[in-house]
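Worksheet: one structure, shown below.
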Amino acid sequence: MTVFTLEELQQAARNHGMPLEALRYDVTPVGLHYLLIHFDIPAVDPESWRLEIGGKVARPLSLSLADLRARPSQEVTVTMECAGNGRARLEERPFSQPWLHEAVGTARWRGIPLLDVLDEADVGEGAREVVFTGFDRGLEGGEEQQFERSLTLDDARGDDVLLAYEINGQPLPPQHGFPLRLVVPGWYGMTNVKWLARITVVDEPFAGYQQRHAYRIKADDEDEGRPLNRIPPRALLIPPGTPEFPSRERTVPPGLCLLEGRAWSGFGPIAGVEVSTDGGESWHDADLDPPVSPWAWRGWRYRWEPSTPGAYELRCRARDDAGNVQPDEPAWNVGGYSNNAAQRVPVTVA
Ligand SMILES: Nc1nc2c(c(=O)[nH]1)N[C@H]1C(S)=C(S)[C@@H](COP(=O)(O)O)O[C@H]1N2
Ligand SMILES: [Mo]
């Protein structure tokens, strides 16, 4: 039996995942979207709040929420996933948020294109990166900090990168970054800085904790590592049948059982999803639904007709147009990031 610590439970109770049955929705209802908050949810007064844009720009800006809402807006439907999704399945588990599979959700984010704001501020010569600073403060790795991440100027100017003030047609709730957050479609969750306080254009690579130390694939503590950015492919299935409380062990009756799920990749469209009902011995193509949006997951289904009672292990795996495939087994790294090994769902046919 795998044993988890009280500190891990404390994280899991604050940062909830999306129950896998919510894979049934094209767009995840707001309260079912996963949450990840390193420190505390900050209190932001919408009346006095301003987004400050400065650094290497010719025209620094200070924008109120009303200023932002008066501008031309855009809505993008985006599947977001935490880079730590799958961490709790690793042996010699790194100490952090213990996600199993459920750190994912799809939302309709409305906001203003970041490109418009950068153009208006007039980014100067020699500018290299854009730093996004949240209001939330805390200690991590012994360093006191605000949550901050950067993007290269090219990535910041990428397609559909938004400063979002709405989720699914409503103002951002406190837990999702009220009043404003960054949304970078296709990139892992940590990129999407919540509770934005300021945007700073800089002329050298940003060396903040969340950039330099966290969110890197490291073989050991001495390794400088390589930074995480886009989301590699993953397919998940909705566990079928009837669950038992509290074990969550599942039973399905013999006969037709429609297996359904979603698949996504930040590297390009999903090219295929395969399903196994014998623990990965044999694989079968699933039928794909049309994509919900270029940046969102794709539904898939597979007709399974078990006739023999007994124990089965269901699995699924996705591949994308860029040629990325899901591995069979997890690959370990210091932070426990990016474990997209194909899901396993044990079920009993009875
Ligand atoms: N300011 C701030 N932004 C943040 C975080 C945070 O702790 N503080 N967590 C990041 C991480 S690790 C993830 S996975 C996503 C989660 O977004 P959500 O809670 O809206 O799903 O927000 C990112 N943005
Ligand atoms: Mo995350």
Side-chain angles (χ1 to χ4, degrees), residues 11-12 14-19 22 27-44 49 51 78-88 94 96-111 131-141 143-151 161-168 170-199 208-211 213-217 227-232 234 264 266 296 335-340:
Q11 286 305 325
R14 285 181 58 79
N15 298 306
H16 67 72
M18 183 194 73
V27 172
T28 312
V30 174
L32 292 177
H33 195 284
Y34 86 97
L35 280 182
L36 197 296
I37 297 150
H38 283 230
F39 308 127
D40 290 351
I41 297 172
V44 181
W49 176 86
L51 174 68
V78 176
T79 296
M80 193 181 289
E81 183 180 16
C82 180
N85 205 11
R87 176 183 290 124
S96 187
Q97 168 75 24
W99 296 120
L100 294 163
H101 281 317
E102 60 298 275
V104 65
T106 296
R108 291 188 290 114
W109 302 99
R110 177 174 294 281
V131 181
F132 302 86
T133 307
F135 276 105
D136 49 330
R137 284 192 79 79
L139 267 172
E140 193 176 331
E143 279 182 39
E144 184 158 355
Q145 57 189 278
Q146 277 172 276
F147 188 92
E148 287 183 297
R149 292 268 312 171
S150 75
L151 288 172
V161 175
L162 292 187
L163 298 173
Y165 50 75
E166 271 182 21
I167 178 172
N168 298 1
Q170 61 186 75
L172 294 184
Q175 68 273 26
H176 286 297
F178 180 85
L180 192 74
R181 81 175 306 172
L182 180 64
V183 172
V184 184
W187 287 54
Y188 268 133
M190 74 289 173
T191 319
N192 304 268
V193 178
K194 302 194 269 191
W195 311 293
L196 279 175
R198 57 179 188 279
I199 297 177
Y209 183 88
Q210 304 296 338
Q211 202 80 26
H213 297 290
Y215 300 109
R216 301 179 83 96
I217 298 282
L228 289 161
N229 44 56
R230 289 180 185 277
I231 306 173
R234 188 194 298 273
W264 60 91
Y337 296 120
S338 204
N339 172 15
N340 65 334

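Here, residue 1 is the first one in the sequence, and each next residue gets the next number. Atoms within each ligand, like the ligands themselves, are counted from 1 in listed order.
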Those residues that, when tested against Glu143, pass side-chain hydrogen bond (donor to acceptor under 3.5 Å, both in side chains) (two or more places apart)
none
Can a donor-acceptor pair be found between the side chains of Thr28 and Thr106 at a distance below 3.5 Å?
no
Heavy-atom check, side chain of Ile37 versus side chain of Arg14, under 4.5 Å:
yes
Side-chain donor-acceptor distances from residues 172-186 under 3.5 Å, at least two apart:
residue	atom	partner	partner atom	Å
Arg181	NH2	Asn192	O	2.9

Sequence neighbours excluded, which residues qualify as side-chain contact (heavy atoms from CB on, under 4.5 Å) partners of Ile231?
Glu81, Tyr188, Trp264
Within the protein, flag every N or O under 3.5 Å from an N or O of ligand 1, and note the pair and distance.
residue	atom	partner	partner atom	Å
ligand 1	1 (N)	Asp136	OD1	2.8
ligand 1	1 (N)	Asp136	OD2	3.3
ligand 1	1 (N)	Lys194	O	3.0
ligand 1	3 (N)	Lys194	N	2.9
ligand 1	7 (O)	His38	N	2.8
ligand 1	8 (N)	Asp136	OD2	2.6
ligand 1	9 (N)	Leu36	O	3.2
ligand 1	17 (O)	Arg181	NH2	3.1
ligand 1	19 (O)	Leu36	N	3.0
ligand 1	19 (O)	Lys194	NZ	2.5
ligand 1	20 (O)	His176	ND1	2.6
ligand 1	20 (O)	Arg181	NH1	2.8
ligand 1	21 (O)	His33	ND1	3.3
ligand 1	21 (O)	Tyr34	O	2.8
ligand 1	22 (O)	Arg181	NH2	3.4
ligand 1	24 (N)	Asn192	O	3.0

Rounded to the nearest 0.5 Å, what separates atom CZ in Phe147 from atom NE2 in His38?
4.5 Å
